[in-house]
Each structure stands twice: as C-alpha cells, then as structure tokens.
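Here is the structure we will look at.
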Amino acid sequence: MSGDHVHNDSQIEADFRLNDSHKHKKDKEHRHKEHKKDKDREKSKHNNSEHKDPSEKKHKDKHKNNDKHREKDGEKHREKDGEKHRDKNGEKHDKHREKDGEKHKDGEKHKEKDAEKHRDGEKHKDKHRDKDREKRKEEKMKSSSGSVKVKKANGFSSPVRVKDEPEDDGFHMSPKENKAMKRPRDDDEDYKPKKIKSEDEKKGKKRKQEEEDIKPKKKSKGKGNEGEVKKKKVKKEEEEKWKWWEEERHADGIKWKFLEHKGPVFAPPYEPLPDNVKFYYDGNLVKLSPKAEEVATFFAKMLDHEYTTKDIFRKNFFKDWKKEMTADERNLITNLGKCDFNAMSQYFKEQSEARKNMTKEEKQKIKEENERLLQEYGFCVMDNHRERIANFRIEPPGLFRGRGDHPKMGKLKKRIMPEDIIINCSKDSKYPVAPAGHKWKEVRHDGKVTWLVSWTENIQGSIKYIMLNPSSRIKGEKDWQKYETARRLKMCVEKIRNTYKEDWKSKEMKVRQRAVALYFIDKLALRAGNEKEEGETADTVGCCSLRVEHINLFQELDGQEFVVEFDFPGKDSIRYYNKVPVEKRVFKNLQLFMENKQPDDDLFDRLNTSILNKHLQDLMEGLTAKVFRTYNASITLQQQLNELTNGDDNVPAKILSYNRANRAVAILCNHQRAPPKTFEKSMMNLQGKIDAKKDQLMDARRELKSAKADAKVKRDEKSKKLVESKKKAVQRVEEQLMKLEVQATDREENKQIALGTSKLNYLDPRISVAWCKKYGIPIEKIYNKTQREKFAWALDMADEDFAF
DNA sequence: TTGCTAACTTAGAAAGCCCTCC
DNA sequence: GGAGGGCTTTCTAAGTTAGCAA
C-alpha cells in the first residue's frame, strides 16, 4: 500500500483548508448553539421514550451496535482478546452512563429551580438584553459579511496548497546540537549561587536602557547608520546572553538544584467606594457592606460586557454575591434585575479616564513603581542564574470568565491569601517572607517540578502556578526538546501511517477506531480530545471525544467522493468546521462506528486519549497525539516557505510569503480570532492611503515625463540630473505603493486568523531563522523582542541550512 | 483498567504601551 | 502634542499528558 494517502489528495485538502475552514470563519455567537439545540432535541426525545434510565438503554444500544458492526464486517469468529475488551469496556460504559443519567437528572432539577428563581422581575430586563444581543449579533454579521474586499492590485492572492510532504531531506543534528541535547549535567555540583552571573542581572535595566537608546533613532526615520547601530546592539545583546543550550543538562527529572525567589505579589486590598458612588435596589438607595460592595464592583466593572447579559453568568454571580451579603442585604436584595450598578460602572469609567489623563510625571511614577516590583519579585535565582518569572502576581479576585457556554461563568473567584499559597524553593535558599501577620500554607523544596508558587482556585478546584518566563532555561530546554521529538516523528511518520492504514482493516473495533482517530489527528491536526466532566466545563470536544452529531458523511459532495463534514466546538469553544474527502475505507469505518447510535453517543466509543497515547508510545518513544500537531505545523511551514518564497522578491514581498506560510499553519491548526473591532475602518484608512499613493505616483510619472522632454530639448547637465532625480522619485513612490498594497493584502488575509499561537507554540523557530538567513531577512521582521528572547537557542544554533 | 490529580503547554481576550499622523 | 490605531504584553482559561492508587 502506498504510504502517501494523506498527500495524494493534498490539492483537495489544500482547497478545503484554505477555502472551507477559511470561509466558515469564527462564529462566536453561533458557537455550538446548533449543537446544543440538537442535543436538547435529542434529550427531549430520550426523555419521552425512555422514562426510566435513558443512559442504560443507550449503552445497551452501543453494545448491540458493536456486535452488529462485527458481523457486518465478516468478523464472525471473534478473537478472545477482542471479546475481553468488549466486555470490560461495556462495563465501563454502563457505569459511566448511569452516572451521567443521575447527573442529568440533578442538572435538570437545578435548572428548574434556577429558572423559577429567575422568572420574576428579571424577565423584563432580560428581554431588553436579548434584543440588544440580537442587535449586536446582527451588526456583527453585517460587518463580517459586508467586509470590504481589498483590491489586490499587486496580484497577490492566497496560497492554495497547504499540506504536502516535502522531499525527505534527512534528519540532521549539528554536532553542537547533538552534544548539547545529549550531555547530562553532572550531579555533584552545588548550585548555590556564590556569584550570580551578571549578564542576567542587567537584563531588566538593559531592557529599559535599550528602549531609550532605540527611541530617538527610530524617530530619525531611517537615517544613515541606524541599521548598523541596531545590528551592533543586537550583537552585543547576544554576546551577553547566557547560552544555556551549550551547557550540560540536569539528569532526567531534576529541574533545578537551587531556587530562590521572593514569593508572589498579592492583589491590592479592596478600596471601598467613595460615598458619592451610589447603589440602588428597586429604585432605593442601599449602602452595601464592604464585602457585598466589593463583589458588586466586579459586576459593575463588567457591565458593558456581553457576559452580564448571559443568563448563566447572572445566575452564578447572584448566587455567589448573596453568599457575601449580610443577612439584611440578603433579605432585601432578591432580584438581580432590580439592581442598579450604573453609578458604580460610571465611577470606574471615570477612574479609567483619569488614569489616561494623568500627567507625565504621575505616569512615570507608576511606571517606576512597577519596575521596582518587577525587579524585586519578577526574577528568581535558579542554578546560578537570574531568571525572569512569567506571572509573579497572584490573580486578583473577580468574576470567572469561562469561555463558550461555560456553566460556571459569573461565579466569584475568591481573593487568594498567603494562607492559600504553597511556596517551592531550595532548602538552602532565603525563603520568601509572608506578608505581615500572615503565613504560607506550606513551604516545600521539590526540585523535580518547575513551579515557584502554587494555589488552588475555587472555581474548578484546579491548581494554579507561578512559573518562569518562556525565555528561561527551564522552558527553553523543554521547547527545544518538543521540536526534537517532532523531528523524530518525521523519521518514522511514513511507517506509522502505513500501520494505521493497515489497522483500518483490523478485526478489532478498538483498533479500527484508534486507526481512524489517528488518521484524523495526523491529517487534520486535531487535538487529542480528553473526556470532560459534564456540567463542569463548556461542552467542547477533540478527536477522541467526537460525538456522532459532530460529523456528517456524504457519499458524494461537490463532485468529491467520501466526504466527511466536521462541525464541532473545539478548545475555547472555537468552532471547527471542515469538509474533508477521506479514503473509502475510513468512510466505511465511520459509517460502521455511527450505526445505530444516537447523535450524542461517542463516535469512538472504544477509544480514549489514554489508549491512543499508550499505543503511540509503542510506535515511537515520546510520541503522543499532540506531537502530530507540532510535526504537521512545522513541516507545513517549511514546505510552504520553500514553495512560496521567491528569491528575487524584495523584503516586504518575502515577508508576505512568510506570513502566508504561517497563515497556512494557523488555518491547519484552526487558530482563529475575533476580527479586530476596528478592522473595517483601518482597512478603509489603508485603502485611502493606497489611493493617495497612486495619485502621487501618477504625478511623479508625469513630472518624470516632462523632465525627460525638457532634457531632450535642453540637453544640459542640469536637466539630465533632474531626470535622474525624478526617476528615483518614481521608483520610491512605486516601492511605497507596493509596500502598502502588500500590507493591505496581508491584513485582509489575517482578518480572522491568529498567527501568534502557531508561531509561538508549533513552529520550530529554527525553520524561521534558517529562512531569514537564507534570504537575508532581518530576524526582527519575523520575531519581536520577546519572541527573540524565547527562541534565543534557535537564533544561536540554526544556520541557513537547517532543515526540520 | 479506571479515576483522579499534578504539572505543564496552548489559547484567545483584554489591557497597556508606543508609534504614526495630523 | 494628542488622538487613534496597532503591536506587545499580560492574564488566565482550557487544553494535554504522566503518574499514582485503588
């Protein structure tokens, strides 16, 4: 069997990736509302037909289905193995279903109760809110559908091909890389910092200094040796940096030997509102107790946000708010709809305005204070080096902003106190001191983890951490390792593909499902898709947790055979929509998996991420589902860069090519963003600039023509010179026009696609570095300062020959 | 095998800051 | 010099994965 099925239809693939998934852009309002509707419909169906225990019946069906599947496929002689699995799995599902059924019932009860509570009083206001929401929705629809298409006068259009396997150029690791990745760090070293490396210490100051240095130069608009100065600066900066990638690494599992830090910065205490800021309930002035007032301000601060119009948000908020009220307040305030937060909201707007209008000196003072905090708390010492901490501030209290239809949105995120905090540091370090009158929950010394501080949040009960900045050794090493794993996958991906294709024919349902799921993960870069607890989070899915309702099968669609239509809410409730032609065998398998199932049944009922990842581990050490995403993203970037870059292009055109390659990856990974609020306007502004530039070009050409004519008559030096200068002027304006047009194309194509996520998390930075070096593009055009810091290892080690 | 949790990565939104243009 | 806009940074939610205990 040929190993390139994934790529045979690459053209078709490219089409659906760039057209369909592009066409079906973010539809946040809509986000899986349709799913819900379907689900609800199904639920009510179930409720009608299965009075006792819907889950039980459903599961029996599942079993029946699977037996049928087997028989249909000529698997009458069942393997012992398969039988065992089936039975055990069956048990699991029964349990699961029962649990679910119970939960459902509970959920329904709650719903009813809540609905009752809500019914009175709020109806009126909510109606208005609904109207507003609809209005906004309409506006949003209008603005996206009626978007002004920028004329691509320069002939740039989106690249068509996305995912093709490039020629296998082998797997290379420079001796430098090889050495650095493999060498273990000696264990006997005492890492207590006798002397901290000075280069790191300077970092904060340098950052500031550099900003000051660069500013005035930028204003001088590309005069003279600005480029040179910048280059020198960058070079100097590089020389001073700690090249951890050239040093030995700790033995496996050991993250650090010495760690010292100052602990977290807590949210400032609540400041009560001034007396003139009033709160009204049912038209009457009410002075709230400090605790109740604080929680009320959280709501007031969000009053303009769509969240506060959502039913779940309001219910959750009101419930938690009441817990903070005094008994009297609780008795009085019984209806959120009668609460008037407008004065509070107005007050915060004024505060924000006042902050904007502060004098330079005042702003400077705040900046300095922030810098002081950063210097004191924003760095730690880890194994002799001063490293930047990513998030040294504890999350302030507020209202939980879950994404999508999150059942817990609006709940009160409680204030974190020192007594909630676990500190992690070296035994022999100077421990952080808890704020006066407080103590830490615990101080531990665990060098096998990377976090400095942790606490448990009250919404989901999950643990939150303070960790190091992406530029740190500990994060960089891990990042580097991630891409090395993806490169290892490259070496054996063909074999793996052949294996899963064989498995499509397996006698075991479990194996077939695993093989089809893996095919999707590989071909479409889907996420693994863990199981989620219902009612705890928004209903989102990944590959293994896809349900029947999330796909549609078409024997033929738009002239293509065996098309699968995916439509599901993915991570962050971002809609994934795609129409994919698949192999016939995959299609038939899917039909089988779906047979006799309800829309809300699992598509892969014999599979979960744990089973899948265990299997992957057997295929390649360190292989997990998410490695496919990294691998496919990086290989796509490399292949797209090869395809799209034209060596003769100027720098802006080459950068457009880069962005397009990046965009192909973002589309593959379904990285979407809400179109910027000012998109249409900024696009129009840009178009205005382009038009003006065109006029200018016409003028310049006219002037050149007349200068030429003049020179023909006069034939003197002066007029010759004039012609030359006019020629240059035309050239200059042409370049400027082209730059603007490229910018417009880029911006238009980027309207709803977020490039940052893939750039930061999926694309081996060495590909970009190599590309920059090969085509003479300054790296600053691709990576900003923070990104350069994060990818310092790649900047240093990749030369132009690097191949992923 | 399952369920649970800890640890860590990936993600988009929002806030903040700074540059450009008038 | 200030308004507007876009890029950068921060924030924190939401994923994945590994490992452990029952």
Side-chain angles (χ1 to χ4, degrees), chain A residues 26 28 84-85 88-89 91-92 95-96 99 211 214-215 218-219 221 253 255 302 305 307 352 355-357 360 363 366-367 370 390-396 398 400-404 406 408-409 413 422 424 446 448-451 454 456-457 459-465 467-470 474-475 478-479 482 527-533 536-538 540-545 570-574 608-614 616-617 622-627 629-630 669-674 676-679 681-682 685-686 689 743 747 754 756-758 760-762 784-787:
Chain A
K26 198 172 197 172
K28 288 207 163 161
K84 253 189 224 168
H85 280 300
K88 283 204 173 168
N89 277 334
E91 255 174 51
K92 164 193 146 191
K95 271 185 199 167
H96 194 71
K99 233 185 181 176
E211 277 163 16
I214 287 173
K215 253 187 235 165
K218 274 193 176 167
K219 275 185 182 167
K221 281 197 177 170
K255 303 290 166 57
M302 291 179 73
H305 203 289
Y307 272 120
S352 149
R355 262 196 305 277
K356 275 184 209 155
N357 295 331
K360 249 187 183 173
K363 281 183 184 167
I366 292 175
K367 217 174 162 186
N370 281 336
N391 55 324
F392 58 90
R393 288 171 205 271
I394 297 285
E395 294 172 17
F400 177 69
R401 302 180 176 209
R403 296 175 185 172
H406 200 296
K408 296 192 173 178
M409 63 166 69
K413 251 179 73 164
I422 302 175
N424 194 26
D446 185 356
K448 288 182 172 158
V449 296
T450 65
W451 55 268
S454 78
T456 304
E457 53 92 37
I459 305 288
Q460 332 248 24
S462 65
I463 307 169
K464 299 257 181 170
Y465 303 94
M467 290 184 189
L468 293 194
N469 190 272
I474 215 161
K475 293 287 180 191
K478 202 76 193 294
D479 212 32
K482 174 180 78 185
R527 294 187 185 84
N530 284 308
E531 287 152 296
K532 296 171 82 187
E533 219 175 314
E536 291 294 305
T537 55
T540 63
V541 297
C543 186
C544 293
S545 51
K571 182 176 179 179
D572 291 325
S573 295
I574 301 284
N608 60 38
T609 52
S610 165
I611 294 171
L612 180 67
N613 280 335
K614 262 178 203 140
L616 293 176
Q617 198 63 237
L623 184 61
T624 63
K626 97 187 172 84
V627 178
R629 234 166 120 81
T630 312
C669 295
N670 202 36
H671 291 145
Q672 302 186 30
R673 62 164 183 172
K677 280 168 200 148
T678 51
F679 184 82
K681 200 178 160 198
S682 85
N685 286 346
L686 195 52
K689 277 186 202 168
Q743 203 185 338
R747 197 179 292 175
T757 306
S758 49
L760 234 48
N761 301 300
Y762 288 105
N784 66 31
K785 192 167 155 45
T786 315
Q787 292 162 342

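The chains referred to below are lettered A, B, ... by the order of the sequence lines, with proteins before strands, and numbering in each begins at 1.
When distances are taken from the side chain of A/Y465 to each of B/dA7, B/dT9, B/dT10, the shortest belongs to B/dA7.
Listed by chain and residue number, A/W451 satisfy the ring pair (Phe, Tyr, Trp, His ring centres under 6.0 Å) test with A/Y465 (two or more places apart in sequence, or in another chain). When the side-chain contact (heavy atoms from CB on, under 4.5 Å) test is applied to A/K478, the partners found at least two apart in sequence or on another chain are A/Q481. Every side-chain hydrogen bond (donor to acceptor under 3.5 Å, both in side chains) that A/S462 has, sequence neighbours left out, goes to A/E457. Taking A/Y762 as the reference, A/H671 meet the ring pair (Phe, Tyr, Trp, His ring centres under 6.0 Å) condition, with sequence neighbours excluded. Residues meeting the side-chain hydrogen bond (donor to acceptor under 3.5 Å, both in side chains) test with A/N530, sequence neighbours left out: A/T609. A/D479 meets the side-chain hydrogen bond (donor to acceptor under 3.5 Å, both in side chains) test with A/K482; sequence neighbours excluded. Residues satisfying the side-chain hydrogen bond (donor to acceptor under 3.5 Å, both in side chains) criterion with A/T630, sequence neighbours excluded, are absent altogether.
Checked by atom type and distance alone, the side chain of A/Q787 pairs as donor or acceptor with a backbone atom of A/N784 at under 3.5 Å. Distance alone, capped at 3.5 Å, is enough to place a donor-acceptor pair between the A/K408 side chain and the A/I459 backbone. Side-chain atoms of A/N613 come within 3.5 Å of backbone atoms of A/A625 as a donor-acceptor pair (strictly under, hydrogens ignored).
Taking atom CD of A/E533 as the reference point, atom P of B/dC4 lies 7 Å away to the nearest angstrom. Atom CG in A/D479 sits about 9 Å away from atom C1' in B/dT9, given to the nearest Å. In this structure, A/E531 atom CD and B/dT5 atom P are separated by 15 Å, rounded to whole Å. Atom CD1 in A/I611 sits about 8 Å away from atom P in B/dT1, given to the nearest Å. Between the CG atom of A/N670 and the C1' atom of B/dA11 there is a distance of 12 Å, given to the nearest Å. Taking atom OH of residue A/Y762 and atom C1' of nucleotide B/dA11, one finds them 8 Å apart after rounding to whole Å. A straight line from NE2 of A/H671 to C1' of B/dT9 spans 12 Å, rounded to a whole angstrom. The separation between A/I422 atom CD1 and B/dA6 atom C1' is 11 Å, rounded to whole Å.
Both A/N784 and A/A625 lie close to DNA chain C; mapped to their nearest nucleotides by heavy-atom distance, the more 5′-ward contact belongs to A/N784. A residue-by-residue look at A/R629 and A/D446 shows that A/D446 has its nearest nucleotide of DNA chain B further toward the 5' end. With the nearest nucleotide of DNA chain B identified for both A/K478 and A/R355, A/K478 has the one nearer the 5' end.
Under 4.0 angstrom from either OP1 or OP2 of B/dA7 there lies no side-chain N or O belonging to A/K448. For B/dT10, one of the phosphate oxygens OP1 or OP2 lies less than 4.0 angstrom from a side-chain nitrogen or oxygen of A/K626. For B/dC8, the OP1/OP2 oxygens have a side-chain nitrogen or oxygen of A/K255 closer than 4.0 Å. For the pair A/T786 and C/dT8, the criterion of a side-chain N or O lying under 4.0 Å from OP1 or OP2 is not met. Contact annotation: A/K367 reaches the phosphate of B/dC18 (side-chain N/O to OP1 or OP2, under 4.0 Å). One finds a side-chain N or O of A/T757 lying less than 4.0 angstrom from the OP1 or OP2 phosphate oxygen of B/dG12.
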Pairs under 3.5 angstrom, nitrogen or oxygen only, protein versus nucleotides 18-22 of chain C, please.
none

Short N/O separations, protein against nucleotides 12-15 of chain C, under 3.5 angstrom:
residue, atom, partner, partner atom, Å
C/dA13, OP1, A/K413, NZ, 3.1
C/dA13, OP2, A/K464, NZ, 2.4
C/dA14, OP1, A/R403, N, 2.6
C/dA14, OP2, A/H406, NE2, 3.3
C/dA14, O4', A/D572, OD1, 3.4
C/dG15, OP1, A/T540, OG1, 2.9
C/dG15, OP1, A/D572, N, 3.0
C/dG15, OP2, A/K532, NZ, 2.9

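No engagement by A/T609 is indicated, since no non-hydrogen atom pair under 4.0 Å with the nucleic acid exists.
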